[in-house]
Amino acid sequence: MHFKKLDLFGNLEMSYISDFSGGYISRNKNILKHLELTPINLFILEESVYGTPIFKVGDGRKKIMILSGIHGNELPPQIANMYLINYLANRELNCTVFLIPFASPKSSMNNERNFNSIDLNRAAHTKNSVSNLIVQAIEKLNISAVGDFHSTSFNSNPGRESVFSSKAPTSESFLIANYISRDVGSEMISFDFAGAMYKGAVEDVCNLKGIPSITCEVLSPFGNVGKGTVKQSFSQMKSFLSYFGI
């Protein structure tokens, strides 16, 4: 995967995961009204028209990924990830951070959970789905750990702020989740074995491949942004990075 240096934006580099998932995210007013239109944000919105962009900051040996937008109508983490890209772009890091703010820009544009009727968090094991292409990139880039950030609504699953992990076959998933839970107060939900409840979540597929991964959730209405939820999702992301000493 070839990354292009973005000279206008500090240490930021960019590539693409796919070229068939693009969308005009600015049409989603519930995202746009929560974004400051910085040069970086405007650039990302423009590039998302052409597919799923992935961004890189730093050049350290430890490689971490922060992912959001697997469900296009879960807005707080997508906005928080944009904040994080702006936050990291001009910083010197002791590792490499890869960031995917909009896994499926088309779904984010339409404020829809699924991409072309496919739940991407049940399709990460399905060859060449968008989420599977993300997993393929994680393997090619030798990513050390993955944080997948979501939001959940009342009367849904899990319906509360939380951090998911599994104890096997990748025990560090549990350790990361425990750290985040203690740090930011998100309830910890852990399973004995990855993929035991359902198949195809990015977190589970990565853990089954030996790549420590967790899923964080904040509580916000689907398709909207609850008060304080962007800040809390941002805190979860920073806590995930903090676990690795970033």
Side-chain angles (χ1 to χ4, degrees), residues 1-17 25 31-32 34-48 51-70 74-103 105 108 134 137-138 140-151 163 176-177 179-180 183-184 186 202-203 206 211-216 218 225 228-246:
M1 181 176 288
H2 173 71
F3 280 82
K4 177 176 68 175
K5 183 82 167 66
L6 304 176
D7 293 325
L8 294 176
F9 305 127
N11 298 320
L12 205 60
E13 300 178 39
M14 189 194 84
S15 186
Y16 277 99
I17 296 291
I25 293 170
I31 291 178
L32 193 65
H34 288 92
L35 283 179
E36 183 181 353
L37 296 182
T38 65
I40 289 178
N41 287 347
L42 288 170
F43 176 81
I44 293 172
L45 292 175
E46 180 178 334
E47 294 303 311
S48 295
T52 297
I54 177 173
F55 298 90
K56 174 186 174 185
V57 185
D59 198 29
R61 296 179 67 180
K62 177 76 75 173
K63 298 179 179 180
I64 311 300
M65 176 175 282
I66 296 216
L67 169 66
S68 55
I70 284 290
E74 297 177 3
L75 307 187
Q78 299 178 69
I79 298 164
N81 206 345
M82 294 282 276
Y83 286 176
L84 187 62
I85 291 171
N86 282 265
Y87 180 78
L88 295 177
N90 292 296
R91 295 177 183 267
E92 295 294 330
L93 303 180
N94 59 358
C95 72
T96 305
V97 180
F98 295 90
L99 307 104
I100 302 176
F102 305 108
S108 300
I134 290 170
I138 289 167
K140 290 176 184 175
L141 294 168
N142 294 315
I143 301 292
S144 308
V146 177
D148 185 13
F149 294 83
H150 290 247
S151 64
V163 52
I176 298 167
Y179 178 90
I180 295 172
D183 188 32
V184 303
S186 304
V202 172
E203 173 208 333
C206 288
I211 304 164
S213 303
I214 53 91
T215 299
C216 286
V218 293
V225 179
T229 54
V230 173
K231 181 178 179 180
Q232 186 63 3
S233 187
F234 185 72
S235 295
Q236 290 175 334
M237 293 176 182
K238 288 179 68 177
S239 182
F240 177 71
L241 295 176
S242 176
Y243 173 88
F244 296 98
I246 305 169

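Keep in mind it's a predicted model, so treat the numbers as computed, not measured.
- In this structure, the side chains of Cys95 and Phe244 stay at 4.5 Å or more apart for every pair of heavy atoms.
- In this structure, OG in Ser144 is found 11.0 Å from CE in Met65, a value given to the nearest 0.5 Å.
- Panel note: side chain Ser15, backbone His2; a donor-acceptor pair is recorded below 3.5 Å.
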TODO: Show the numbers, then the answer: is there a side-chain contact (heavy atoms from CB on, under 4.5 Å) between Ile176 and Phe240?
DONE: CA-CA 7 Å; Ile176 298 167; Phe240 177 71; 3.7 Å; yes

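- Closest non-hydrogen pair, Gln232 versus Val184, comes out as NE2-O, 3.3 Å.
- Phe9 and Phe43 have tilted rings, their planes meeting at an angle from 30° to 60° on a 0 to 90° scale.
- Ile211 has its side chain within reach of Ile138: a pair of non-hydrogen atoms, C-beta onward, lies under 4.5 Å apart.
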Task: CA sep, side-chain torsions, deciding dist, call: Tyr83, Glu36, side-chain hydrogen bond (donor to acceptor under 3.5 Å, both in side chains) - done: CA-CA 9 Å; Tyr83 286 176; Glu36 183 181 353; over 6 Å; no

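- Side chain of Asp148 to main chain of Ser213: no donor-acceptor pair is present (N/O by atom type, distance under 3.5 Å, no hydrogens or angles).
- Listed here is the closest heavy atom pair of Phe102 and Ser108: CD2-OG, 3.9 Å.
- Taking 4.5 Å as the limit, every side-chain heavy atom of Val57 sits out of range of all side-chain heavy atoms of Ile85.
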- [ ] Take Val225 and Ile79, measure what side-chain contact (heavy atoms from CB on, under 4.5 Å) needs, and give me the verdict at the end.
- [x] CA-CA 9 Å; Val225 179; Ile79 298 164; 3.7 Å; yes

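- Here the shortest heavy-atom pairing between Ser48 and Pro53 reads OG-CG, 3.6 Å.
- With a 4.5 Å cut-off on side-chain heavy atoms, Leu32 and Ile25 do not count as touching.
- Within the 4.5 Å cutoff, side-chain heavy atoms of Thr52 are placed close to those of Pro105.
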Open item on the list: Run the side-chain contact (heavy atoms from CB on, under 4.5 Å) test on His150 and Cys216 for me, step by step, so that the C-alpha distance in whole Å, both residues' side-chain angles and the decisive distance to 0.1 Å come before the verdict.
Closed with: CA-CA 6 Å; His150 290 247; Cys216 286; over 6 Å; no

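- When all heavy atoms of Ala103 and Ile134 are compared, the pair lying nearest together is CB-CD1, 3.9 Å.
- Phe98 does not carry Lys56 over the face of its six-membered ring by the limits of under 6.0 Å from the centre and within 45° of the normal.
- Remark: Asn86 CG to Thr38 OG1 distance equals 4.0 Å, nearest 0.5 Å.
- The CD atom of Gln236 sits 7.0 Å away from the CD1 atom of Ile180 when rounded to the nearest 0.5 Å.
- By the neighbour-count criterion of 12 heavy atoms within 6.0 Å, atom NZ of Lys231 is sparsely surrounded, having that number or fewer from other residues, nucleotides or ligands.
- In this structure, a donor-acceptor pair under 3.5 Å is present between the side chains of Glu203 and Thr215.
- Looking at Lys238, its side chain never comes within 3.5 Å of a backbone N or O of Ile246 through a donor-acceptor pair.
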TODO: Could you give me the CA-CA distance, side-chain angles and deciding distance for Leu12 and Asn90, then say whether side-chain contact (heavy atoms from CB on, under 4.5 Å) is met?
DONE: CA-CA 8 Å; Leu12 205 60; Asn90 292 296; over 6 Å; no

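- Considering NZ of Lys4 and CD of Glu13, their distance stands at 11.5 Å, rounded to 0.5 Å.
- At least one side-chain heavy atom of Ile44 sits under 4.5 Å from a side-chain heavy atom of Phe55.
- Counting only distance, with no hydrogens or angles, the side chain of Ser68 and the backbone of Pro101 share a donor-acceptor pair below 3.5 Å.
- Scanning both residues, Tyr179 and Ser239, for their nearest heavy atoms gives CE2-O, 3.3 Å.
- Looking at heavy atoms from C-beta onward, Lys62 lies out of side-chain contact with Thr96 at the 4.5 angstrom threshold.
- Without hydrogens or angle criteria, Glu74 side chain to Ile70 main chain gives no donor-acceptor distance under 3.5 Å.
- The shortest heavy-atom contact between Ala89 and Ile40 is CB-CD1, 3.7 Å.
- Annotation: the span from Leu67 atom CG to Asn81 atom CG amounts to 8.0 Å, rounded to 0.5 Å.
- No side-chain heavy atom of Pro77 sits less than 4.5 Å from a side-chain heavy atom of Phe234.
- Remark: Met1 CE to Lys140 NZ distance equals 6.5 Å, nearest 0.5 Å.
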